[in-house]
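In what follows, a structure is listed as structure tokens, so that the remarks can point back to it.
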Amino acid sequence: MTASRLRLGVNIDHVATVRNARGGTYPDPVRAARLAVEAGADGITAHLREDRRHIRDADMVALKEILTVPLNYEMAATDEMVGLALTLRPHAACLVPEKREERTTEGGLDIVGARAHLAPRIAALRDAGIRVSLFVEPEESVMDTARDLGAPVVEMHTGSYCEAVIDGDAARVERELSRIMRAAAYGADLGLEIHAGHGLTLESVGPVARLPQLAELNIGHAIIAEAIFVGLPRAVRDMRAAMDRARA
Ligand code: PXP
């Protein structure tokens, strides 16, 4: 299965990180979301963490109100967050680990170990019409579990691949990429929609964007970091162009 257009979800968490450094009202992540959409973002991603270290509850409400593109609500699979998502009704909810014990060794959500905990929460979100994705390591066995849990989407954690790119370790880059490729192909064959994200930069995005099974990338830190130098619209457009070049 080949996804036609690779969507770019822009994660605006770190605009809120800068705002919260002074505890005030600017820079406003909602303004950033507007600009990102004008510059070509296909969706906006925001992570309301349990400790509210960047995005606040009011940001999520405002994003839902103003956005004309899908809002992807990243959240821990807790009762508090599921309750908030059921009230907010975003387009999508991406379940992510926040605590050590929710993680696999590499960093994705431990959906095998947390199966019993996740199943009713995924069902509740799905029943409310919210598209659920699971942020997981790119492993074939994990794809089977995601399918069994009834999640229509998996987002593959690209952190290990991106670290290998930063380290300039070509052998590790190859190894991590082939892990991502195998998992994407396997998951897509199971009928899952495949997304990816975490740590992607202009330098590392190409080989991931090229994979035909991928439907969406969620990218935040590198875009917001680059925006300091070139402005947010251009940072979004440059990432979009790098994805399109890889896909062409
Ligand atoms: N996807 C998920 C599920 C994430 O948790 C994050 C990080 O918040 C991202 C994508 C974006 O990662 P980055 O900010 O490193 O681009």
Side-chain angles (χ1 to χ4, degrees), residues 9 11 13 43 45-55 60 70-86 88 90-128 130-163 176 179-188 190-200 208 211 213-221:
N11 181 316
D13 290 350
T45 294
H47 184 178
L48 184 65
R49 295 186 60 99
E50 287 181 85
D51 61 10
R52 308 304 197 265
R53 80 170 63 143
H54 36 57
I55 294 293
M60 296 306 293
L71 172 61
N72 179 29
Y73 182 163
E74 273 183 29
M75 53 183 258
T78 63
D79 289 336
E80 182 203 10
M81 287 299 154
V82 171
L84 288 170
L86 294 179
L88 191 71
H91 168 78
C94 180
L95 302 183
V96 302
E98 287 188 13
K99 302 196 173 76
R100 258 290 124 217
E101 59 272 21
E102 295 166 343
R103 267 176 218 167
T104 60
T105 31
E106 272 100 355
L109 188 61
D110 177 14
I111 63 171
V112 178
R115 223 181 155 110
H117 174 81
L118 290 171
R121 290 164 179 87
I122 292 170
L125 293 164
R126 278 194 68 156
D127 289 350
I130 300 168
R131 191 205 64 192
V132 179
S133 70
L134 303 175
F135 188 42
V136 296
E137 281 305 306
E139 291 292 341
E140 283 151 286
S141 59
V142 171
M143 299 290 158
D144 285 318
T145 307
R147 197 262 322 263
D148 295 348
L149 279 166
V153 180
V154 290
E155 179 158 330
M156 296 188 299
H157 195 307
T158 49
S160 301
Y161 157 70
C162 292
E163 276 169 29
E176 291 300 336
R179 202 159 77 95
I180 290 171
M181 283 162 70
R182 279 198 310 274
Y186 187 84
L190 292 178
L192 294 166
E193 182 173 310
I194 311 291
H195 299 181
H198 196 89
L200 291 168
V208 177
L211 303 182
Q213 298 88 1
L214 281 197
E216 180 173 309
L217 296 181
N218 283 297
I219 307 178
H221 190 259

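Since the structure is predicted, the reported quantities are computational estimates derived from the model, not experimental observations.
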Would you say the side chain of E98 lies within less than 4.5 Å of the side chain of H47, judging by non-hydrogen atoms?
yes
Under 3.5 Å, is there a donor on one side chain and an acceptor on the other for N11 and T45?
no
Could you grab the distance from atom OG1 of T158 to atom CZ of R179, nearest 0.5 Å is fine?
10.5 Å
Is the shortest heavy-atom distance from the side chain of Y73 to the side chain of M81 under 4.5 Å?
yes
I'd like to check L125 versus L86 (side-chain heavy atoms, cut-off strictly below 4.5 Å). Are they in contact?
yes
Polar contact flag, side-chain donor to acceptor under 3.5 angstrom, H198-E155
no
If I take atom OG1 from residue T78 and atom NZ from residue K99, how far apart are they, to the nearest 0.5 angstrom?
7.0 Å
Heavy-atom side-chain contact between R115 and D148 under 4.5 Å
yes
Calculate, to the nearest 0.5 Å, the distance between atoms CD1 and CE belonging to I111 and M143 respectively.
8.0 Å
Is the shortest heavy-atom distance from the side chain of L71 to the side chain of L88 under 4.5 Å?
yes
Rounded distance [0.5 Å steps], CD in E80 versus CG in L48
7.5 Å
How many angstroms lie between atom CD of E106 and atom CD of E139, to the nearest 0.5 angstrom?
6.5 Å
Report yes if some heavy atom in the side chain of R131 is under 4.5 Å from a heavy atom in the side chain of P70; otherwise report no.
no
